[in-house]
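Each remark here refers to the structure printed beneath this line.
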Amino acid sequence: MKLASWNVNSVRARQERLCAWLAERQPDVLCLQETKVTDDDFPFTELARRGYVAVAHGQRTYNGVAILAREAPSEVQRGLEDGVDDPQHRLIAARVGGVRVASVYVPNGGEVDSDKYAYKLAWLARLRAWVERTARPDEPLVLAGDFNVAPRPCDVAYPEAWESSVLFHPTARAALEPLFAWGLADVLADKTPEGGVYSWWDYRQLAFPRGDGLRIDLVLATAPVASRCTRAWVDRDARKGKLPSDHAPVIIELS
DNA sequence: ATGGTTGCTTAGCAA
């Protein structure tokens, strides 16, 4: 089983690229973030033609998440369902092939000490509560998505330069800890303890050719899934060429 | 401190 996660930065702008990538990599499951379309405008038909059933939790202009799979996802949950009045659509979960899969888009946070950053930290606390409420560490669960946080210094090409950023601030990293402590493993990190693997490069200032990347797209899994992982990698090729997403897909393979 | 780029929406925001 091959499971992937990709922040496509608009599913409409990336539709051609997405379809070509699906044909090339043929994942069994793909979690999408930043689809930026309402479910009415989501390209269900085009994806079905290519062999994928999609479930989506989208909104206009911003955010939006989806799960694509070769077999229809079941037991679909949209949002954190914690009673908080939050219009931002950042999580969808479903059962796919015996694994509970969540596509997660953690808030970016803007600038440290801003309202957006407070929302980011609060959202991560709500995500932890959602995990604790809806799953157990001994059950197969995957959280895949754009966490907008690089967990380790070796996940950042220039850690000193990024330390004050919302993507690598100590308080943002600390907000991930409870997820790890609960029983989620950072699958790709465990396969690459030396680091140097990145999934996002800013569009500006030639960040990609300069190698100024961060690993902020994560696949977190409970032990029953993580123990089956034979390979985990970032498909950097998907960041190349004309008009790419600013993120590259993360892929894990399970025995 | 600012601006660099892309996407959505059409001036300005979010990333």
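Looking only at atom types and distance, the side chain of A:Trp200 has a donor-acceptor partner in the side chain of A:Asp246 under 3.5 Å away.
Straight-line distance from the NZ atom of A:Lys242 to the P atom of B:dT5: 16 Å, rounded to whole Å. The distance between atom CD of A:Gln205 and atom C1' of B:dG3, rounded to the nearest whole Å, is 7 Å.
Nucleotides B:dG3 and B:dG12 have their P atoms positioned 15 Å apart, rounded to a whole Å. For the P atoms, the distance from B:dT5 to B:dT9 is 22 Å, rounded to whole Å. Nucleotides B:dT6 and B:dA1 have their C1' atoms positioned 23 Å apart, rounded to a whole Å.
No side-chain donor-acceptor contact under 3.5 Å links A:Thr35 to the backbone of A:Gly58.
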Letter per nucleotide, 5' to 3', of nucleotides 7-15 of chain B [B base touched, S only sugar-phosphate touched, - untouched; heavy atoms, 4.0 Å]: SSS----SB
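Residue pairs meeting the ring pair (Phe, Tyr, Trp, His ring centres under 6.0 Å) criterion with at least one member in residues 38-63 of chain A, sequence neighbours excluded, are A:Phe42-A:Phe44, A:His57-A:His89.
A cation-pi arrangement, defined by a distance under 6.0 Å to the six-membered ring centre and an angle within 45 degrees of its axis, is absent between A:Arg17 and A:Trp21.
Within the model, atoms NZ of A:Lys120 and CG of A:Leu167 stand 5.5 Å from one another, a figure rounded to the nearest 0.5 Å. Distance check, rounded to the nearest 0.5 Å: CD of A:Glu34 to CH2 of A:Trp6 gives 13.0 Å.
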